[in-house]
Amino acid sequence: MNRRLFFIAAAAFVAMLGVSAEVRAAEPMKVSASFSILGDMVKQVGGDRVEVFTFVGPNGDAHVYEPTPADAKELSESKILFINGLGLEGWMTRLEKSSGFKGTVVTASNGITPRKMVEDEKTVTDPHAWQDLANGKIYVANIRDALIAADPGGKATYEANAQKFLDGITQMDTTVKQAIAKLPPERRKIITTHDAFGYFGAAYGMEFIAPEGVSTESEASAKDVAKIITQIKKEKIPAVFLENVTDSRLLDQIAKETGAKIGGTLYSDALSPADGPAGTYLDMFHNNIETMSAALSS
Ligand SMILES: [Zn+2]
């Protein structure tokens, strides 16, 4: 090889090294999230630096889920596993074990004040903390801090993305409060299938009543259904709402027996597909408050 050719070859080699180093740096960090609402939050904060795999997808029920071998493979390749906690993902321990996951588990709800309630004489913890936007902010901060700890080079990006998301949450919080303030107080009562809106109700002054408890695992008893039918008639509750994660038959029956109207579908424990009305955490709130307002305002 003559000198000139050597230099060209060396220059090409150095250029190649440069390109491959760039490709490596640009490769996103793999993380997993247990369900679609949390998956969207991680995507908002992680942006392009993070590739998020979500186990329970759009319209899926995060209380009951059968993990697949593909889930185990995705989890084994993940650096972080984001979970809601508060007893939502009873199926996760088994998935973690079978996958041989060696990364960090981050409980996004850490730091919120859990809502406790009595069901069948047992005290249970309500896992649906994301339905209060103030809690959503705590989730976002936990996600941001975990991403920075795992990928310190992305600190500025994660901080900027998180701030933008937090600003959006603040705005949505105002929108929700304004919309509820417009509803006549006696109409701020809603029936849903399972008890997924306790945090929402406490934060925004709306009463939610559900024949099923805080999990979808146990079905409503005939006694629970009869009790709700009596309550709807007595308190003249105007509307019942379907949920995207539960079967509509029970509420269809309740609506028929009481004359309450079906107010539409609320997104409780899962987002819609991306092209639907609730493809992100903030769109979910937007859709839910519009649906409630339309059914309850007159
Ligand atoms: Zn639920």
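Just so you know, ligand 1 is whichever comes first in the structure, and atom 1 is the first atom listed for that ligand.
Summarising the hydrophobic clusters (Ile, Leu, Val, Met, Phe, Trp, Tyr; side-chain heavy atoms under 4.5 Å, direct or chained), the residues clustered with V214 are M117, V124.
Ring-centre distance between W130 and F35: below the 6.0 Å cut-off. With ring centers used as reference points, F55 lies under 6.0 Å from F53.
Under the side chain to side chain donor-acceptor pair (under 3.5 Å) criterion, the residue pairs touching residues 133-157 are R49-D151, N84-Y139, K137-T170, D151-Y158, K155-E159, with sequence neighbours excluded. Pairs engaging residues 175-185 under the side chain to side chain donor-acceptor pair (under 3.5 Å) rule: D173-K177 [sequence neighbours left out].
In E235, the CD atom is crowded: over 12 heavy atoms of neighbouring residues, nucleotides or ligands sit closer than 6.0 Å.
Tally of protein N, O or S atoms closer to the Zn ion (ligand 1) than 2.8 Å: 4.
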